[in-house]
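Notes for the one structure printed next.
Throughout, protein chains are lettered first and strands after them, A, B, ... in sequence-line order, and every chain is numbered starting at 1.
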Number of protein chains: 2
Amino acid sequence: MKPVNLKKLAEELNLSIATVSRALNDRYDIAQATKDRVRELANKLNYEPNPYASSLRRHKSRTIAVVIPEVANHFFSLAINGIEEIARGNNYHVLIYLTHEEYQREASIVRLLAGGRVDGVLLSVASRSHDLNHLDLLRERGIPMVFFDRVHADMDTAKVTTDDYESGYKATRHLLDAGCRTVAHLTLAGSLTISRRRMHGYIDALRDFGLPYDETLVVPAQLSKPEDIQAIEALLTHRPAIDGIFACVESLAMCSYEACRNLGRAIPADVKVIGFSNLEMAALLDPPLTTITQPAYNIGREAARILFQAVNKNRPILPTHSLELKSELIVRASTAASPR
Amino acid sequence: MKPVNLKKLAEELNLSIATVSRALNDRYDIAQATKDRVRELANKLNYEPNPYASSLRRHKSRTIAVVIPEVANHFFSLAINGIEEIARGNNYHVLIYLTHEEYQREASIVRLLAGGRVDGVLLSVASRSHDLNHLDLLRERGIPMVFFDRVHADMDTAKVTTDDYESGYKATRHLLDAGCRTVAHLTLAGSLTISRRRMHGYIDALRDFGLPYDETLVVPAQLSKPEDIQAIEALLTHRPAIDGIFACVESLAMCSYEACRNLGRAIPADVKVIGFSNLEMAALLDPPLTTITQPAYNIGREAARILFQAVNKNRPILPTHSLELKSELIVRASTAASPR
DNA sequence: TTGTACGCGTTATCAG
DNA sequence: CTGATAACGCGTACAA
């Protein structure tokens with residue numbers, strides 16, 4: 001109701017506002033006795049500095065933004081966890097924004113952020129984000145940004161990614177080694193670097209194995225889960241030879257399970273499935289899902305760490321600060337080799 | 001780099017700062033022609049008002065805080081989703097804070113928030129939060145708060161919960177009807193209302209069925225997942241008669257699956273399992289998990305809606321604004337009745 | 001060691 | 001209809 005501010009403290013202590021301010025900021029030119037008196041009253045009254053006045057003065061918001069496609073997704077949840085951890089260590093606050101994979105939403109969020117609400121931005125690009133013009137605003141305003149996982153390749157900043165090409169290659173190779181000869185690839189809509197690199201790994205693995213690349217085996221994500229399931233069912237029906245599915249994201253792996261179940265295809269006997277996923281319970285699925293698992297928590301931590309290096313030292317972020325972490329192939333029953 | 005502010009716009013347009021401000025805020029006392037001129041330049045220069053200056057002046061931060069135990073959890077992810085949706089509709093920003101179930105962390109977060117950083121708080125209590133003294137600060141400062149899911153019963157504000165007692169009763173009854181006679185209950189640590197109510201349902205269902213309540217069958221969550229699994233294994237080993245497990249939260253249901261697997265107990269033949277969960281892929285588990293599923297997304301939406309009613313109209317939130325939504329029992333194979 | 005006075009960018013009040 | 005001017009609460013030169 002009645003805010004406790006410097007003025008109030010100053011009045012009660014018979015000091016000037018300036019002195020109280022300096023005492024609380026532990027400045028060298030204030031007597032220890034005064035500092036103690038001020039601190040004591042501040043604690044007693046539960047004084048908290050008004051963050052907005054402080055931000056206005058210091059040109060620092062002590063806030064960062066995390067912009068992601070969605071939160072109901074284990075990868076992003078874990079990443080947020082890592083980000084929050086680092087932010088907290090730096091005494092920073094974390095604003096969260098969801099784009100729901102939409103370009104418009106991403107653009108309008110970025111426009112807001114360019115107003116100076118945050119000192120830095122962590123961004124994972126929406127799959128339906130076709131260009132990066134909207135991000136220029138941040139650069140113009142000198143707001144540092146770090147991409148994580150889903151990046152715009154030709155953007156002049158740091159990116160924290162995983163070895164997507166290698167993972168795509170390994171995943172595909174794993175299916176081929178398990179006996180698959182017609183491998184479908186379920187990918188994100190749009191042309192994110194992440195999907196391109198994973199797909200590239202897929203294509204190269206096929207080629208190295210002596211198999212042709214058939215682009216009709218590549219299906220992009222639809223707008224909703226039911227549509228995805230339907231699309232996969234259609235694919236499996238039209239192309240009965242498909243004996244392997246490589247899903248670029250977790251949700252598509254789950255949709256594959258449902259589609260197979262609906263069509264009565266047995267996993268792994270009829271179709272083997274591998275998917276990118278951070279789901280802890282992949283091992284408890286029926287059958288346990290073979291996954292490419294990204295170090296999501298660390299991706300969040302590292303992206304935040306890079307951002308704070310720039311924020312705290314007022315230095316720009318360079319593309320050379322980028323980091324590529326390793327994903328892990330965890331083999332489970334969904335890709336068990338078929339008996340001949 | 002060089003910020004675009006009202007002063008700059010005013011200079012370029014040969015208008016006063018005040019006029020520009022009013023034009024942008026679409027005040028009635030500004031000529032349409034002027035408004036148009038101002039708008040045009042503002043758009044051209046990508047002007048965004050400095051949110052901190054505005055907050056300072058208006059005593060409104062256009063920001064709310066969401067304080068939750070963790071984010072890598074489907075329930076909270078979905079709730080955030082609902083909250084973000086409503087916040088966005090109100091042109092509000094969402095700060096996120098994780099307590100990791102710790103009282104200290106919750107307290108220090110609340111202290112920060114009391115400084116006026118936010119116009120309102122949505123809180124889901126940490127399980128190791130033993131009292132609510134730390135929340136008094138918010139009340140003193142007149143910052144509205146709404147609890148969701150995990151509430152402090154004797155706090156004088158609105159709460160959005162689900163029918164936990166009924167759900168606990170239904171879950172237990174379901175196990176009993178499926179043939180269980182020794183039902184263990186895995187609950188959260190501490191004594192949250194939510195766990196108490198679910199446990200109450202458990203106890204009453206046992207009683208109504210003519211079974212005694214054996215408190216050694218009730219096991220609280222430990223500090224980590226491995227510890228939880230170990231605790232469940234110990235329970236199952238010491239009490240071989242256990243033929244049913246009712247898990248109060250998702251993670252404990254998953255731990256039960258792992259424990260049963262480790263011990264070679266078959267689900268549902270040896271032990272039936274039911275758990276609170278918002279996991280979409282519960283149906284894809286081995287075996288598919290019977291769940292009590294809460295309307296997480298709607299809980300988030302409703303909690304946010306109640307909060308914004310207070311925030312926008314400057315009215316206090318009353319306990320009478322509380323809401324109780326219904327959870328759903330979704331029967332799957334993990335509780336299939338055993339053949340006699 | 002402490003106080004005075006100004007400015008951060010915006011909005012509100014009061015004149016004109 | 002528009003312009004000066006005074007806050008909002010805090011941090012910091014400059015004075016004392």
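In this structure, A:Ser55 reaches neither bases nor backbone, as no heavy-atom distance under 4.0 Å exists between it and the strands shown.
Between C:dG9 and B:Ser21, no contact under 4.0 Å exists linking OP1 or OP2 to a side-chain N or O. Note on B:Arg27: a side-chain N or O is less than 4.0 Å away from OP1 or OP2 of C:dA12. Note on B:Ser16: every side-chain N or O is 4.0 Å or more away from OP1 and OP2 of D:dT2.
Applying the side chain to side chain donor-acceptor pair (under 3.5 Å) test between A:Ser129 and each of A:Gln104, A:Glu101, A:Glu106 identifies A:Glu106 as the sole match.
The nucleotide whose nearest atom lies closest to any side-chain atom of A:Arg57 is, among D:dC10, C:dT2, C:dC14, D:dC10. Which of C:dT1, C:dT11, C:dG3 sits closest to the side chain of B:Ile17 comes down to C:dT11. Of the candidate nucleotides C:dT2, D:dC10, C:dT10, D:dC10 has the atom lying nearest to any side-chain atom of A:Ala53. Taking the side chain of B:Asp29 as heavy atoms from C-beta on, and the options D:dA6, D:dC1, C:dT2, the nearest nucleotide is D:dC1. Considering only the side chain of B:Ala18, D:dT5 comes nearest among D:dC1, D:dT5, D:dG11. Of the listed nucleotides (C:dG9, D:dG3, C:dT1), D:dG3 has the atom at the smallest distance from the side chain of B:Leu15.
Between the CZ atom of B:Arg58 and the P atom of C:dT11 there is a distance of 5 Å, rounded to whole Å. Atom-to-atom, CZ of B:Arg22 to P of D:dT5 comes out at 14 Å; the value is rounded to the nearest Å. Distance A:Tyr28 OH to D:dT12 C1': 11 Å, rounded to the nearest Å. For the pair A:Leu6 CG and D:dG9 P, the interatomic distance rounds to 10 Å; values are reported in whole Å. Rounded to an integer number of Å, the gap from A:Arg117 CZ to C:dG9 P is 16 Å. Here the C1' atom of nucleotide C:dT10 and the OH atom of B:Tyr47 are 7 Å apart, to the nearest Å. The distance between atom NZ of B:Lys60 and atom C1' of C:dT10, rounded to the nearest whole Å, is 17 Å. In this entry the distance linking CD1 of A:Ile30 with C1' of D:dG11 reads 12 Å, nearest Å.
Where B:Val20 and A:Asn25 each meet DNA chain D at their nearest nucleotide, the meeting point lying more 5' is that of B:Val20. Looking at which nucleotide of DNA chain D each of A:Ser54 and B:Leu56 is closest to, the 5′-most match is held by B:Leu56.
At a threshold of 4.0 Å, the pair A:Arg105-B:Glu85 counts as salt-bridged, since one of the basic side-chain nitrogens sits closer than that to a carboxylate oxygen. A salt bridge does not link B:Glu40 with B:Arg37: every distance from a Lys NZ or Arg NE/NH1/NH2 to an Asp or Glu carboxylate oxygen is 4.0 Å or more.
Here the side chain of A:Ser61 pairs a donor or acceptor atom with the backbone of A:Asp119 at under 3.5 angstrom.
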Verdict with supporting geometry, A:His134 and A:Tyr103, side-chain contact (heavy atoms from CB on, under 4.5 Å): CA-CA 9 Å; A:His134 57 306; A:Tyr103 178 76; 3.5 Å; yes

